[in-house]
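Worksheet for the structure shown next.
Counting starts at 1 for both ligands and their atoms, following the listed order.
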Amino acid sequence: MNKIYLDHAATTPVAEEVFEAMKPYLKEHYGNPSSVYSTGREAAQAVSEARGKVARSIGADEREIYFTSGGTEADNTVLKGIALALQEKGKHIITSRIEHPAVLESCRQLEKYLGFEITYLDVDKQGFVDPDDVKKAIRDDTILVSIMMANNEIGTIEPIKEISRIVKERGIYMHTDAVQAAGQIPIDVEELGVDMLSISSHKIYGPKGVGALYARKGVRFAPLLTGGAQERNRRAGTENVAGIVGFGEAMRIACENLEEKADYLRRLRDKLIDGIEENIDEVILNGPRDERRLPNNVHFCFRYIEGESILLNLDMLGIAASSGSACSSGSLDPSHVLLAIGHPHEIAHGSLRLSLGKDNTEEEINYVIEVLPGIIKKTRSMSPLYEG
Ligand SMILES: *Cc1c(COP(=O)(O)O)cnc(C)c1O
């Protein structure tokens, strides 16, 4: 069996068409988009076309797209940029306990260095934020609500439209981190009603190190990076031209036949979930089991064992997976998401995320279903917590 890659929520390979689109901008069209001569103008033109592609794929206007170095920078720009620009108005922000660290750690900085107060909303057992809780948490000094569109660990798709409606009624800015949602479910900023939205290229078969922030026309935020006048004074620094071109192409492709591609992933996903539940005892599926789950996400906790040992055993068979988030692996702390949905530490430690991609086959899924029970059995037999 060849290598099986099941960690698309961590990153994806660059699609062939994307790579081809990027190449000229690493070689002959190397100009700085701010320069006046032709190779510079060609680069500027390419950035502009990519901006159009990104804008169209989320129902935005080109002038509302700001290219960044990725999802992390887009999230940081929202949290810190809004905080800096609106701190006179209020120093209260609402978010959830299951956000990506790019949001959560930005909040921690605002608490620590700028005296902000952050409300971290609880979620239910499946990871949902209750729009009613958002309503109750809003104060007169609330300046921003940031709730992710879909969770990167357990695949829960949040009710952003309902939350936005509540937040906008109060005249407060609404942000959503749509990094995991992009390419999986349709994104339309008008329909969602959000003011700001983050996306990243490398989660949708584009290159790493590039992403975008959507900011609705008129939204006030201070730039995170200051310097040159790039990105209409909202993000200084010479543009990552080849990266931006690749990202634009990746976004365009991601939106082509999105429903068809999502249906394919859902079919593989459900097969994998059923196969695991039917063949292994004492497993807990995390996240919802309906249309409110990302099409490519499978996430389980296996009692009595450590996720890390499952990963090592899978790796020996050529299967790449994750215990939850690439960002917290290497640390011994259990996932903040699993704790937030109510798991005790010992259960949270036994997690496995299998995130599917367009090139995975049914044959690969069958193979995982075939080998995983043996791996779990073997790992459990060595666990002091397990008594058969
Ligand atoms: C991957 C990810 C990010 C970070 O994006 P980068 O481009 O890797 O910086 C932010 N939020 C979510 C939900 C993610 O999955």
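Below 4.0 Å from some heavy atom of Lys203 lie the following atoms of ligand 1, by number and element: 1 (C), 2 (C), 3 (C), 14 (C), 15 (O). Heavy-atom proximity to Gly70, at under 4.0 Å, picks out these atoms of ligand 1: 7 (O). Taking every heavy atom of Asn152 and a limit of under 4.0 angstrom, the matching atoms of ligand 1 come to 13 (C), 15 (O). Below 4.0 Å from some heavy atom of His202 lie the following atoms of ligand 1, by number and element: 6 (P), 7 (O), 8 (O).
Lys135 NZ: 12 or fewer foreign heavy atoms inside a 6.0 Å radius.
Proximity of Val179 to ligand 1, defined as any heavy-atom pair under 4.0 Å, is confined to the side chain (atoms from C-beta onward).
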Identify every side-chain donor-acceptor pair in residues 136-145 under 3.5 Å, counting partners at least two apart or on other chains, and give the distances.
{"residue": "Arg139", "atom": "NE", "partner": "Asp141", "partner atom": "OD1", "Å": "2.9"}
{"residue": "Arg139", "atom": "NH1", "partner": "Glu117", "partner atom": "OE1", "Å": "3.2"}
{"residue": "Arg139", "atom": "NH2", "partner": "Asp141", "partner atom": "OD1", "Å": "3.4"}
{"residue": "Arg139", "atom": "NH2", "partner": "Asp141", "partner atom": "OD2", "Å": "3.0"}
{"residue": "Thr142", "atom": "OG1", "partner": "His92", "partner atom": "ND1", "Å": "2.8"}
{"residue": "Thr142", "atom": "OG1", "partner": "Arg139", "partner atom": "N", "Å": "2.7"}
{"residue": "Thr142", "atom": "OG1", "partner": "Arg139", "partner atom": "O", "Å": "3.2"}

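How far CG of Leu265 is from CG of Asn360: 8.0 Å, rounded to the nearest 0.5 Å.
In this structure, Tyr66 has its ring center under 6.0 Å from that of Phe221.
For the residues Ser69, Ala74, Gly71, Ala102, the heavy atom positioned nearest atom 6 (P) of ligand 1 is part of Gly71.
Scanning for salt bridge (charged side-chain N to carboxylate O under 4.0 Å, His left out) contacts around Glu346 gives an empty result, with sequence neighbours left out.
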